[in-house]
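Everything quoted here is computed from the prediction, not taken from an experiment. The chain is numbered in sequence order, starting from 1.
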Amino acid sequence: MFSDAMPHDPVTIGQNVTLALHLSDVSLIHETFDKLAQDGNVIMPIQKTFWSEAYGIVEDPFGVQWQLNHEVSEVTA
């Protein structure tokens, strides 16, 4: 998934798209977040929210912003 700028944030060309990873493994979220944050910028540390056990925002060294979100996969029979 990707999204554009939030309504209260200015649009900066080159940073106007955020990539989002929705993962079911919380430890993988932390591992991925930490790797993206190396030489990058933590915008919102991983934390529990009302919709997620683990959610955070990080900008990688190339200026790409990532949202990492815990999402439980539903299994259907």
[X]-[Y] co-clustered via ILVMFWY side chain contacts under 4.5 Å:
{"X": "Leu21", "Y": "Ile29", "value": "yes"}
{"X": "Leu68", "Y": "Val64", "value": "yes"}
{"X": "Val58", "Y": "Leu19", "value": "yes"}

query: With sequence neighbours left out, what residues match Thr32 under side-chain hydrogen bond (donor to acceptor under 3.5 Å, both in side chains)?
result: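 Partners of Thr32 by the side-chain hydrogen bond (donor to acceptor under 3.5 Å, both in side chains) criterion come out as none, since no residue qualifies.
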Rounded distance [0.5 Å steps], CD in Glu53 versus CD1 in Ile46: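 One finds 12.0 Å between CD of Glu53 and CD1 of Ile46.
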field: Separation of Trp66 CH2 from Thr18 OG1 (nearest 0.5 Å)
entry: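 Answer for the OG1-CH2 pair, Thr18 versus Trp66, is 10.5 Å.
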query: Tell me the side-chain hydrogen bond (donor to acceptor under 3.5 Å, both in side chains) pairs involving residues 38-49, sequence neighbours left out?
result: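 For residues 38-49, and leaving out neighbouring residues, there are no side-chain hydrogen bond (donor to acceptor under 3.5 Å, both in side chains) pairs at all.
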message: Would the distance check show the side chain of Ser52 and the main-chain N or O of His70 forming a donor-acceptor pair, the cut-off being under 3.5 Å?
response: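 Yes; judged by distance alone, with no hydrogens or angles, the pair exists.
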message: Considering only residues two or more places apart or on different chains, which pairs with a residue in residues 22-34 satisfy salt bridge (Lys or Arg N to Asp or Glu O under 4.0 Å)?
response: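 Passing the test, one end in residues 22-34: Glu31-Lys35.
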Non-hydrogen atoms of Pro61 and Leu36 that approach each other most closely: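 Scanning both residues completely, I find the closest heavy atoms to be CD-O, 3.6 Å.
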query: Looking only at heavy atoms, what is the nearest atom pair of Val42 and Ala37, with distance?
result: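 Closest approach of Val42 to Ala37: CG2-CB, 3.9 Å.
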- request: Provide the full list of ring pair (Phe, Tyr, Trp, His ring centres under 6.0 Å) pairs with a residue in residues 31-55, sequence neighbours left out, each pair given once.
  value: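 Found Trp51-Tyr55.
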